[in-house]
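The shown structure was predicted, so the numbers you read here are calculated from the model rather than taken from an experiment.
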Amino acid sequence: MKSSPLLSPCLSWKRMAGIFFLPFISSGCAPRFKQEENFMLGRAHPSQPRFNWSHLTPLELKNRSVGLGTESTGRGKPHFTLEGHKFLIFGGSIHYFRVPREYWRDRLLKLKACGFNTVTTYVPWNLHEPERGKFDFSGNLDLEAFVLMAAEIGLWVILRPGPYICSEMDLGGLPSWLLQDPRLLLRTTNKSFIEAVEKYFDHLIPRVIPLQYRQGGPVIAVQVENEYGSFNKDKTYMPYLHKALLRRGIVELLLTSDGEKHVLSGHTKGVLAAINLQKLHQDTFNQLHKIQGASIDAGLLSDASQAATSSSL
């Protein structure tokens, strides 16, 4: 009669796997064991309440009076608020004009599944007005349909309408027909440029107004221009754009976005300054703090700023 081996191949494999994973299993259980030990010895600490924003979605938040804002309680760092509740912006970018309309829902659902609660998008002037005076907001350029779909899926929206958007496009999204006028100076209060911007905004902004948070829509913030601090040719240009948006009925939070070294020259009074960056270092927020100082926004975007630039899909 043949004697059985001390270890079968199957048993040996299971034991080896158990030995390999034991440190990971043990370390995962350690906090719970430690908590139970503290509780038995009378050293239990109350667990920190988890932040819950499930009710702060376009689908759930029906009664609206106070849009996106900032608040400081004097303890800890200032934070965003929505309808008076602490609110964390987890924003990712999907550019509707770069994604076939048939895939919008798929991409937005994937963004939501990743844990994001906000989608940001540029609005390309050169595509919406390919020829002077001829506007197109249909098909793959149907901004309103994209924003409403985001709301249906449960995502807030931050719009970045420019007029200059960069977005790795020719002329930063400015229409090339502007160059037909040799006297025109881009991104300034030059009369010819401003006249073109005014006509564009007259077609664009009325489409955005009903999509705003306080109108029942998902748009919680609008960015003024984009990274103007690195250009900075006209000190009156950013204040002009600010007033142009307000004059047409934009009431939600306005913000600027600049590189960390150009935020001092890119921000404008009355608009929340934000920075975009590729990596953190010790002096990352120095210039931003000079603008925000000891005000309610001080340090706000040190932690939550990349609302408009945090991720791209």
Is there a side-chain contact between Leu204 and His128 (heavy atoms, below 4.5 Å)?
no
For a quick test of reading the model, state the closest non-hydrogen atom pair linking Thr57 to Gly154 and the distance between them.
CB-O, 4.3 Å
Can you tell me how far apart CZ (Phe135) and NZ (Lys199) are? Round to the nearest 0.5 Å.
8.5 Å
Residue pairs passing the side chain to side chain donor-acceptor pair (under 3.5 Å) test where at least one lies in residues 259-268, sequence neighbours excluded
Glu260-His281
Assess whether atom CG of Asp283 is packed by more than 12 heavy atoms of other residues, nucleotides or ligands within 6.0 Å.
yes
Closest heavy-atom contact between Ile220 and Thr118?
CD1-OG1, 4.4 Å
With heavy-atom distances below 4.5 Å as the criterion, would you say the side chains of Asp170 and Ser176 are in contact?
no
Between Ile209 and Leu254, is there shared hydrophobic-cluster membership here, with clusters defined by ILVMFWY side-chain heavy atoms closer than 4.5 Å?
yes
Do Ile250 and Gln212 come within less than 4.5 Å of each other through their side chains, counting heavy atoms only?
yes
Using side-chain heavy atoms (C-beta onward) and a distance below 4.5 Å, is Leu253 in contact with Thr70?
no
Hey, is CZ on Arg247 packed in by over 12 heavy atoms from elsewhere, all under 6.0 Å?
yes
Please tell me if the side chains of Phe285 and Leu277 come closer than 4.5 Å, counting only heavy atoms from C-beta onward.
yes
Nearest 0.5 angstrom please: Leu159 CG to Arg207 CZ, how far?
13.0 Å
Would a hydrophobic clustering, with Ile, Leu, Val, Met, Phe, Trp and Tyr connected at side-chain separations under 4.5 Å, put Ile153 with Tyr103?
yes
Could Arg248 and Phe201 be counted as a cation-pi pair, given that NZ or CZ must be under 6.0 Å from the ring centre and within 45° of the axis?
no
Steps toward side-chain contact (heavy atoms from CB on, under 4.5 Å) verdict (Leu68, Phe87)
CA-CA 8 Å; Leu68 185 68; Phe87 183 65; 3.8 Å; yes
Any side-chain heavy-atom pair of Trp156 and Val119 under 4.5 Å
no
For a 4.5 angstrom cut-off between non-hydrogen side-chain atoms, does Leu111 reach Ile94?
yes
Does Gln223 use its side chain to pair, donor to acceptor, with the backbone of Thr256 at less than 3.5 Å?
no
With side-chain contact (heavy atoms from CB on, under 4.5 Å) as the criterion, how do Leu186 and Tyr164 come out once you've worked through the C-alpha distance, each side chain's angles and the decisive distance to 0.1 Å?
CA-CA 9 Å; Leu186 301 176; Tyr164 174 90; over 6 Å; no
Sidechain-backbone polar pair: Asn117 side chain, Ile89 backbone, donor-acceptor under 3.5 Å:
no
Give a yes or no answer on whether the side chain of Arg64 reaches the backbone of Tyr213 with a donor-acceptor pair at less than 3.5 Å.
yes
Go through the side-chain N and O atoms of Glu227 and Asn276 and say whether any donor and acceptor fall under 3.5 Å apart.
yes
List the atom of Thr121, the atom of His95, and the distance in Å for their closest heavy-atom pair.
OG1-CA, 3.6 Å
Residues Glu225, Met238; criterion side-chain contact (heavy atoms from CB on, under 4.5 Å); working and verdict
CA-CA 8 Å; Glu225 239 264 354; Met238 289 297 284; 3.7 Å; yes
To the nearest 0.5 Å, what is the distance between CG on Leu88 and OG1 on Thr81?
11.5 Å
Verify same cluster id: Val197, Leu246 (apolar side-chain graph, 4.5 Å)
yes
Asn286 side, atom CG; Ile291 side, atom CD1 - distance, nearest 0.5 Å:
12.0 Å
Side-chain H-bond candidate by donor/acceptor type, Ser167 with Arg98, under 3.5 Å
yes
Shortest non-hydrogen contact from Ile165 to Tyr122?
O-CE2, 3.3 Å
Rounded to the nearest 0.5 Å, how far apart are SG of Cys166 and CG of Leu174?
10.5 Å
Using 30° and 60° as the class limits, which term best fits the ring planes of Trp125 and Trp177: parallel, tilted or perpendicular?
perpendicular
Calculate, to the nearest 0.5 Å, the distance between atoms CG and CG belonging to Leu211 and Leu148 respectively.
5.5 Å
Is there side-chain contact between Ser93 and Phe116, with heavy atoms separated by less than 4.5 Å?
no
Hey, does the side chain of Asn190 reach the backbone of Arg183 with a donor-acceptor pair shorter than 3.5 angstrom?
yes
Between Glu252 and Arg214, is there a side-chain N and carboxylate O pair less than 4.0 Å apart?
yes
Keeping Lys62 on the side-chain end and Leu59 on the backbone end, is there a donor-acceptor pair under 3.5 Å?
yes
Is there a chain of hydrophobic side chains (I, L, V, M, F, W, Y, each step under 4.5 Å between heavy atoms) that links Val251 to Leu61?
no
Suppose we screen for ring-ring contact (aromatic ring centres under 6.0 Å, His included). Which residues come up paired with Tyr237, at least two apart in sequence or across chains?
Tyr228
For Ala273 against Val263, the heavy-atom pair lying closest together
CB-CG2, 4.2 Å
Which atom pair, heavy atoms only, marks the closest approach of Ser257 to Arg160?
OG-NH2, 4.1 Å
Audit row: Tyr96, Val123, side-chain contact (heavy atoms from CB on, under 4.5 Å) steps and yes/no
CA-CA 9 Å; Tyr96 63 96; Val123 182; 3.6 Å; yes
State plainly whether one hydrophobic cluster holds both Ile205 and Leu241, where clusters connect Ile, Leu, Val, Met, Phe, Trp and Tyr through side-chain heavy atoms under 4.5 angstrom apart.
yes
